[in-house]
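Inspection log for the structure reproduced underneath, given as C-alpha coordinates.
In each ligand, atom 1 is the first atom listed, and ligand 1 is the first ligand listed. Throughout, residue positions are numbered sequentially from 1 according to the sequence presented. The model shown is predicted, which means the values in this text are computed figures rather than measured ones.
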Amino acid sequence: MGKDKYSVLLPTYNERENLPIITWLLCKYFDESGHDYEIIVIDDGSPDGTLEVAKKLQEIYGDDKIVLRPRAKKLGLGTAYIHGIKHATGNFVIIMDADLSHHPKFIPQFIKKQKEGNYDLVSGTRYIGDGGVYGWDLKRKIISRGANYVTQVLLRPGASDLTGSFRLYRKEVLQKLVESCVSKGYVFQMEMIIRARQYGYSIGEVPISFVDRVYGESKLGGSEIIGFAKGLLYLFATT
Ligand code: GDD
Ligand code: MN
(Lines give C-alpha, C1' and ligand atoms only; values in the text may rest on other atoms or scores of the structure.)
(Ligands and ions follow the chains in the order given, each with its own letter.)
Protein backbone atom coordinates (compact mmCIF):
# COMPACT_ATOMS: atom_id res chain seq x y z
CA MET A 1 0.00 0.00 0.00
CA GLY A 2 1.81 3.10 -1.18
CA LYS A 3 5.45 3.59 -0.26
CA ASP A 4 5.11 3.47 3.49
CA LYS A 5 7.28 0.96 5.29
CA TYR A 6 6.96 -0.10 8.90
CA SER A 7 9.96 -1.16 10.98
CA VAL A 8 9.00 -3.12 14.09
CA LEU A 9 11.52 -2.93 16.93
CA LEU A 10 11.39 -6.08 19.05
CA PRO A 11 13.66 -5.97 22.09
CA THR A 12 14.16 -9.44 23.54
CA TYR A 13 15.62 -10.79 26.71
CA ASN A 14 14.87 -14.47 27.29
CA GLU A 15 11.96 -14.69 24.87
CA ARG A 16 12.77 -18.04 23.27
CA GLU A 17 9.21 -19.37 23.53
CA ASN A 18 7.51 -16.14 22.52
CA LEU A 19 9.58 -15.05 19.54
CA PRO A 20 8.35 -17.61 16.98
CA ILE A 21 4.71 -16.86 17.80
CA ILE A 22 5.00 -13.08 17.74
CA THR A 23 6.98 -13.27 14.49
CA TRP A 24 4.37 -15.46 12.86
CA LEU A 25 1.57 -13.15 13.97
CA LEU A 26 3.40 -10.03 12.80
CA CYS A 27 4.00 -11.48 9.35
CA LYS A 28 0.41 -12.65 9.15
CA TYR A 29 -1.12 -9.26 9.97
CA PHE A 30 1.30 -7.30 7.79
CA ASP A 31 0.83 -9.66 4.85
CA GLU A 32 -2.95 -9.62 5.22
CA SER A 33 -3.11 -5.85 5.33
CA GLY A 34 -0.59 -5.50 2.49
CA HIS A 35 1.86 -3.16 4.24
CA ASP A 36 5.60 -3.27 3.70
CA TYR A 37 7.53 -4.13 6.87
CA GLU A 38 10.64 -5.43 8.59
CA ILE A 39 11.10 -6.87 12.08
CA ILE A 40 14.25 -5.79 13.90
CA VAL A 41 15.12 -8.12 16.76
CA ILE A 42 17.37 -6.55 19.39
CA ASP A 43 18.49 -9.38 21.62
CA ASP A 44 20.70 -8.56 24.58
CA GLY A 45 22.69 -11.77 24.90
CA SER A 46 19.78 -13.78 26.30
CA PRO A 47 21.13 -16.85 28.10
CA ASP A 48 18.09 -18.90 26.98
CA GLY A 49 19.18 -18.92 23.31
CA THR A 50 16.70 -16.39 21.94
CA LEU A 51 19.21 -15.28 19.31
CA GLU A 52 19.57 -18.82 17.93
CA VAL A 53 15.79 -18.97 17.59
CA ALA A 54 15.83 -15.59 15.85
CA LYS A 55 18.40 -16.90 13.37
CA LYS A 56 16.15 -19.83 12.52
CA LEU A 57 13.24 -17.45 11.99
CA GLN A 58 15.41 -15.35 9.70
CA GLU A 59 16.06 -18.44 7.58
CA ILE A 60 12.34 -19.10 7.36
CA TYR A 61 11.01 -15.60 6.70
CA GLY A 62 14.02 -14.07 4.92
CA ASP A 63 16.58 -11.49 5.95
CA ASP A 64 14.59 -8.66 4.40
CA LYS A 65 11.79 -9.38 6.89
CA ILE A 66 13.79 -10.41 9.98
CA VAL A 67 16.76 -8.22 10.78
CA LEU A 68 19.04 -9.18 13.68
CA ARG A 69 20.77 -6.44 15.64
CA PRO A 70 21.96 -8.18 18.80
CA ARG A 71 24.05 -6.75 21.59
CA ALA A 72 26.44 -8.71 23.76
CA LYS A 73 24.76 -8.11 27.10
CA LYS A 74 21.67 -6.80 28.83
CA LEU A 75 21.84 -3.04 28.43
CA GLY A 76 18.20 -2.15 29.05
CA LEU A 77 15.07 -1.43 27.07
CA GLY A 78 15.65 2.27 26.42
CA THR A 79 19.02 1.82 24.76
CA ALA A 80 17.69 -1.20 22.86
CA TYR A 81 15.30 1.15 21.03
CA ILE A 82 18.08 3.65 20.31
CA HIS A 83 20.17 0.81 18.91
CA GLY A 84 17.29 -0.59 16.85
CA ILE A 85 16.18 2.68 15.30
CA LYS A 86 19.64 3.19 13.79
CA HIS A 87 19.00 0.18 11.61
CA ALA A 88 15.36 0.89 10.73
CA THR A 89 14.74 1.41 7.01
CA GLY A 90 11.01 2.17 7.29
CA ASN A 91 9.54 5.67 7.43
CA PHE A 92 7.43 4.50 10.37
CA VAL A 93 8.64 2.62 13.44
CA ILE A 94 6.53 0.42 15.69
CA ILE A 95 7.69 -0.34 19.21
CA MET A 96 6.25 -3.31 21.06
CA ASP A 97 7.05 -6.05 23.56
CA ALA A 98 8.04 -9.46 22.26
CA ASP A 99 6.27 -11.44 24.99
CA LEU A 100 2.80 -11.42 23.35
CA SER A 101 1.43 -8.85 25.78
CA HIS A 102 1.02 -6.63 22.73
CA HIS A 103 -0.98 -8.40 20.04
CA PRO A 104 0.04 -7.70 16.43
CA LYS A 105 -3.65 -7.64 15.43
CA PHE A 106 -3.77 -4.03 16.65
CA ILE A 107 -1.11 -2.86 14.20
CA PRO A 108 -3.47 -2.43 11.21
CA GLN A 109 -5.62 -0.27 13.51
CA PHE A 110 -2.57 1.84 14.47
CA ILE A 111 -1.78 2.34 10.79
CA LYS A 112 -5.36 3.26 9.95
CA LYS A 113 -5.48 5.71 12.83
CA GLN A 114 -2.20 7.32 11.79
CA LYS A 115 -3.49 7.87 8.27
CA GLU A 116 -6.86 9.22 9.46
CA GLY A 117 -5.35 12.05 11.46
CA ASN A 118 -1.92 12.18 9.82
CA TYR A 119 -0.58 11.76 13.36
CA ASP A 120 3.08 11.97 14.35
CA LEU A 121 2.57 9.08 16.71
CA VAL A 122 -0.15 6.64 17.62
CA SER A 123 -0.18 5.22 21.12
CA GLY A 124 -1.92 2.05 22.23
CA THR A 125 -3.96 2.73 25.34
CA ARG A 126 -5.23 0.41 28.03
CA TYR A 127 -7.22 3.17 29.61
CA ILE A 128 -9.91 4.21 27.13
CA GLY A 129 -12.68 2.45 25.20
CA ASP A 130 -12.22 -1.29 24.83
CA GLY A 131 -8.68 -1.12 26.19
CA GLY A 132 -7.72 -3.09 29.27
CA VAL A 133 -5.25 -5.25 31.14
CA TYR A 134 -5.61 -9.00 31.57
CA GLY A 135 -3.70 -11.31 33.86
CA TRP A 136 -2.01 -8.83 36.14
CA ASP A 137 -2.34 -9.19 39.90
CA LEU A 138 -3.80 -6.38 41.94
CA LYS A 139 -0.40 -5.06 42.94
CA ARG A 140 0.76 -4.65 39.33
CA LYS A 141 -2.56 -3.03 38.36
CA ILE A 142 -2.31 -0.55 41.19
CA ILE A 143 1.29 0.30 40.28
CA SER A 144 0.39 0.90 36.64
CA ARG A 145 -2.79 2.85 37.36
CA GLY A 146 -1.06 4.79 40.11
CA ALA A 147 1.90 5.71 37.91
CA ASN A 148 -0.46 6.87 35.19
CA TYR A 149 -2.65 8.80 37.57
CA VAL A 150 0.14 10.63 39.38
CA THR A 151 1.72 11.51 36.07
CA GLN A 152 -1.57 12.73 34.62
CA VAL A 153 -2.03 15.05 37.56
CA LEU A 154 1.55 16.31 37.63
CA LEU A 155 2.27 16.68 33.93
CA ARG A 156 -1.11 16.81 32.10
CA PRO A 157 0.36 15.11 29.04
CA GLY A 158 -2.82 14.77 26.97
CA ALA A 159 -2.53 11.03 26.41
CA SER A 160 -4.32 8.38 28.43
CA ASP A 161 -1.66 5.64 28.65
CA LEU A 162 1.75 6.97 29.56
CA THR A 163 3.63 3.90 30.66
CA GLY A 164 2.49 1.65 27.86
CA SER A 165 4.98 0.83 25.15
CA PHE A 166 2.94 -0.27 22.14
CA ARG A 167 3.27 2.66 19.78
CA LEU A 168 3.77 3.73 16.18
CA TYR A 169 5.98 6.72 15.36
CA ARG A 170 7.11 8.57 12.29
CA LYS A 171 10.77 7.63 12.21
CA GLU A 172 12.11 11.17 12.41
CA VAL A 173 9.81 11.87 15.34
CA LEU A 174 11.04 8.82 17.22
CA GLN A 175 14.60 9.80 16.41
CA LYS A 176 14.12 13.27 17.82
CA LEU A 177 12.38 11.90 20.92
CA VAL A 178 15.00 9.27 21.76
CA GLU A 179 17.73 11.87 21.37
CA SER A 180 16.04 14.20 23.81
CA CYS A 181 15.06 11.60 26.39
CA VAL A 182 17.31 11.34 29.41
CA SER A 183 15.76 8.43 31.30
CA LYS A 184 16.92 4.89 30.79
CA GLY A 185 14.62 2.51 32.67
CA TYR A 186 10.88 1.95 32.45
CA VAL A 187 10.19 5.66 32.82
CA PHE A 188 11.48 5.98 29.25
CA GLN A 189 8.03 5.28 27.73
CA MET A 190 6.49 8.03 29.75
CA GLU A 191 9.19 10.54 29.00
CA MET A 192 8.77 9.85 25.28
CA ILE A 193 5.10 10.79 25.26
CA ILE A 194 5.61 13.78 27.51
CA ARG A 195 8.37 15.13 25.30
CA ALA A 196 6.13 14.46 22.29
CA ARG A 197 3.57 16.86 23.73
CA GLN A 198 6.30 19.34 24.59
CA TYR A 199 7.41 19.44 20.96
CA GLY A 200 3.84 19.76 19.74
CA TYR A 201 3.67 16.41 17.98
CA SER A 202 0.17 15.10 17.35
CA ILE A 203 -0.88 11.93 19.14
CA GLY A 204 -3.60 9.48 18.10
CA GLU A 205 -4.78 6.71 20.42
CA VAL A 206 -6.02 3.17 19.80
CA PRO A 207 -7.52 1.07 22.63
CA ILE A 208 -5.53 -2.14 23.17
CA SER A 209 -5.80 -5.09 25.48
CA PHE A 210 -2.57 -5.90 27.29
CA VAL A 211 -2.37 -9.59 28.20
CA ASP A 212 0.22 -10.62 30.73
CA ARG A 213 2.90 -12.93 29.41
CA VAL A 214 2.40 -16.71 29.59
CA TYR A 215 6.05 -17.69 28.98
CA GLY A 216 9.01 -16.29 30.86
CA GLU A 217 8.95 -13.51 33.38
CA SER A 218 8.69 -9.75 33.60
CA LYS A 219 11.88 -7.80 34.15
CA LEU A 220 10.06 -5.15 36.14
CA GLY A 221 11.15 -5.10 39.78
CA GLY A 222 11.43 -2.82 42.78
CA SER A 223 14.43 -0.96 41.41
CA GLU A 224 12.51 -0.08 38.24
CA ILE A 225 9.67 1.30 40.35
CA ILE A 226 12.06 3.52 42.28
CA GLY A 227 13.65 4.54 38.98
CA PHE A 228 10.22 5.44 37.67
CA ALA A 229 9.45 7.64 40.66
CA LYS A 230 12.77 9.46 40.33
CA GLY A 231 12.25 9.93 36.61
CA LEU A 232 8.78 11.31 37.15
CA LEU A 233 10.03 13.87 39.63
CA TYR A 234 12.78 14.85 37.23
CA LEU A 235 10.27 15.38 34.43
CA PHE A 236 8.00 17.33 36.75
CA ALA A 237 10.88 19.60 37.61
CA THR A 238 12.15 20.10 34.07
CA THR A 239 9.20 20.14 31.63
N1 GDD B 1 16.99 -6.14 24.39
C2 GDD B 1 16.45 -6.04 25.59
N3 GDD B 1 17.22 -5.63 26.66
N4 GDD B 1 15.13 -6.34 25.76
C5 GDD B 1 14.60 -6.24 27.00
C6 GDD B 1 15.32 -5.83 28.13
C7 GDD B 1 16.72 -5.51 27.93
O8 GDD B 1 17.46 -5.14 28.84
N9 GDD B 1 14.48 -5.82 29.19
C10 GDD B 1 13.28 -6.22 28.75
N11 GDD B 1 13.33 -6.49 27.43
C12 GDD B 1 12.23 -6.89 26.53
C13 GDD B 1 11.48 -8.13 26.94
O14 GDD B 1 12.05 -9.31 26.41
C15 GDD B 1 10.09 -7.84 26.33
O16 GDD B 1 10.05 -8.13 24.95
C17 GDD B 1 9.95 -6.32 26.50
O18 GDD B 1 11.29 -5.84 26.56
C19 GDD B 1 9.19 -5.91 27.76
O20 GDD B 1 9.81 -6.49 28.91
P21 GDD B 1 8.93 -7.16 30.08
O22 GDD B 1 9.88 -7.58 31.14
O23 GDD B 1 7.98 -8.17 29.55
O24 GDD B 1 8.12 -5.87 30.58
P25 GDD B 1 6.79 -5.84 31.43
O26 GDD B 1 5.75 -6.71 30.87
O27 GDD B 1 7.11 -6.00 32.87
O28 GDD B 1 6.40 -4.29 31.22
C29 GDD B 1 5.60 -3.85 30.16
O30 GDD B 1 4.65 -2.98 30.67
C31 GDD B 1 5.21 -1.79 31.24
C32 GDD B 1 4.14 -0.97 31.88
O33 GDD B 1 2.99 -0.88 31.09
C34 GDD B 1 6.47 -3.14 29.10
O35 GDD B 1 5.63 -2.85 28.00
C36 GDD B 1 7.05 -1.87 29.62
O37 GDD B 1 7.72 -1.19 28.55
C38 GDD B 1 5.95 -1.01 30.18
O39 GDD B 1 6.51 0.17 30.72
MN1 MN C 1 5.90 -8.21 29.53
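Under a 4.0 angstrom heavy-atom cut-off, Arg140 registers as being in contact with ligand 1. Residue contact annotation: Gly76 has a non-hydrogen atom under 4.0 Å from ligand 1. At least one heavy atom of Arg126 sits closer than 4.0 Å to an atom of ligand 1.
Between Leu121 and Ala196, the closest heavy-atom pair is CD2-CB, 3.6 Å.
Remark: ligand 1 and Ser144 share no N or O pair separated by less than 3.5 Å (distance only, no angle test). Looking at ligand 1, you won't find any N or O of Arg71 less than 3.5 Å from one of its N or O atoms. Close N/O approach between Lys74 and ligand 1 is found [any backbone or side-chain N/O within under 3.5 Å].
When heavy-atom distances to ligand 1 are checked against a 4.0 Å cut-off, Lys73 has no atom that comes that close, whether in backbone or side chain.
The side-chain hydrogen bond (donor to acceptor under 3.5 Å, both in side chains) contacts involving residues 93-102 comprise Asp97-Ser165, Asp99-Ser101, Asp99-Arg213, where partners must be two or more places apart or lie in separate chains.
For the ring pair (Phe, Tyr, Trp, His ring centres under 6.0 Å) test, residues two or more places apart in sequence or in another chain that qualify with Phe92 are Tyr6. Taking Glu59 as the reference, nothing meets the side-chain contact (heavy atoms from CB on, under 4.5 Å) condition, with sequence neighbours excluded.
Of the candidates Asp44, Ile22, Asp97, Val41, it is Asp97 that places a heavy atom closest to atom 35 (O) of ligand 1.
Distances below 4.0 Å separate heavy atoms of Glu15 from the following atoms of ligand 1: 13 (C), 14 (O), 15 (C), 16 (O).
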Criterion side-chain contact (heavy atoms from CB on, under 4.5 Å) on Leu154 and Leu232, from CA distance to verdict = CA-CA 9 Å; Leu154 288 181; Leu232 175 61; 4.1 Å; yes

Checking ring pair (Phe, Tyr, Trp, His ring centres under 6.0 Å) for the pair Tyr119/Tyr201: CA distance, chi angles, key distance, verdict?
-> CA-CA 8 Å; Tyr119 291 111; Tyr201 290 132; over 10 Å; no

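Tyr29 does not carry Lys105 over the face of its six-membered ring by the limits of under 6.0 Å from the centre and within 45° of the normal.
Below 30°, between 30° and 60°, or above 60°: for His35 and Phe30 the angle between ring planes is above 60°, a perpendicular geometry. By the 30° and 60° cut-offs, the orientation of the rings of Phe188 relative to Tyr81 is parallel.
Here the rule is side-chain contact (heavy atoms from CB on, under 4.5 Å) with Ile66, and of Ile40, Leu26, Ile39 only Ile39 fits it.
Counting only distances under 2.8 Å, and ignoring water, the protein N, O or S atoms around the Mn ion (ligand 2) are Asp99 OD2.
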